[in-house]
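Let me begin by presenting the structure, written as structure tokens, before commenting on it.
Counting begins at 1 with the first residue of the sequence.
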Amino acid sequence: MTNLEKMNELVGSNANKDQIIRWAYMNRIHVVELPLEEEFECMQQSVDTFCESEDFQNYIDDEFKLWEKFLEAKYVGN
């Protein structure tokens, strides 16, 4: 399961990557802040794993690309 699929599962949605990226931009939510949102608290481990990844280091200055890569990455849960 990808992070995109997990996010959709948690909120009962079927949003695509672009829709989630727009939501994050409009609400000023950075990838690292996602677990601060109540419905996404369980994604802390997935966010932490992503923040240790090469993709995170490569795109740290491009929040749109970070979201894209995060949503494509495999969900890491408890």
Side-chain angles (χ1 to χ4, degrees):
M1 170 181 284
T2 65
N3 289 317
L4 170 64
E5 292 166 332
K6 184 62 176 180
M7 288 181 73
N8 276 319
E9 177 184 280
L10 290 170
V11 296
S13 178
N14 193 27
N16 62 36
K17 282 191 297 188
D18 290 335
Q19 290 170 317
I20 291 177
I21 292 168
R22 281 195 306 271
W23 165 82
Y25 178 77
M26 288 179 2
N27 290 286
R28 294 177 175 88
I29 299 171
H30 298 275
V31 171
V32 297
E33 300 169 332
L34 182 63
L36 300 176
E37 298 296 312
E38 185 176 341
E39 59 265 88
F40 301 116
E41 289 175 347
C42 69
M43 297 195 73
Q44 183 68 58
Q45 189 173 355
S46 201
V47 169
D48 291 345
T49 299
F50 179 71
C51 288
E52 296 169 1
S53 74
E54 192 173 312
D55 279 337
F56 185 80
Q57 298 305 315
N58 289 339
Y59 300 109
I60 197 154
D61 292 330
D62 186 344
E63 190 65 26
F64 289 100
K65 194 68 169 176
L66 285 177
W67 268 106
E68 182 179 305
K69 294 295 186 181
F70 174 75
L71 293 170
E72 293 170 354
K74 183 179 177 184
Y75 169 70
V76 180
N78 308 10

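- Applying the salt bridge (charged side-chain N to carboxylate O under 4.0 Å, His left out) test to pairs two or more places apart or on separate chains, those with a residue in residues 1-14 are Lys6-Glu9.
- Heavy-atom minimum distance, Ile20 versus Ala15: CG1-CB, 3.9 Å.
- Glu68 contributes atom CD, which lies 8.0 Å from atom CG of Asp18 (distance to the nearest 0.5 angstrom).
- Interatomic distance, Leu66 CG to Asn58 CG, rounded to the nearest 0.5 Å: 9.5 Å.
- Take Lys17 and apply the salt bridge (Lys or Arg N to Asp or Glu O under 4.0 Å) test, not counting sequence neighbours, and it matches Glu72.
- The CZ atom of Phe56 sits 12.5 Å away from the OG1 atom of Thr49 when rounded to the nearest 0.5 Å.
- Residues Thr2 and Leu71 come closest through the heavy atom pair CB-O, 3.5 Å.
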Without placing hydrogens or testing angles, list every side-chain donor-acceptor pair under 3.5 Å for residues 24-43, not counting sequence neighbours.
from, atom 1, to, atom 2, distance (Å)
Asn27, ND2, Trp23, O, 2.8
His30, ND1, Glu63, OE1, 3.3
Glu33, OE1, His30, N, 3.0

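- Under the rule for a side-chain contact (heavy atoms from CB on, under 4.5 Å), the partners of Asp62 that lie at least two apart in sequence or sit in another chain are Phe64, Lys65.
- Scored by the salt bridge (Lys or Arg N to Asp or Glu O under 4.0 Å) test, Lys69 finds no partners at all (sequence neighbours excluded).
- Under the rule for a side-chain hydrogen bond (donor to acceptor under 3.5 Å, both in side chains), Gln19 has no partner lying at least two apart in sequence or in another chain.
- For residues 52-61, no residue pair satisfies the salt bridge (charged side-chain N to carboxylate O under 4.0 Å, His left out) rule, not counting sequence neighbours.
- Under the rule for a side-chain hydrogen bond (donor to acceptor under 3.5 Å, both in side chains), Asn16 has no partner lying at least two apart in sequence or in another chain.
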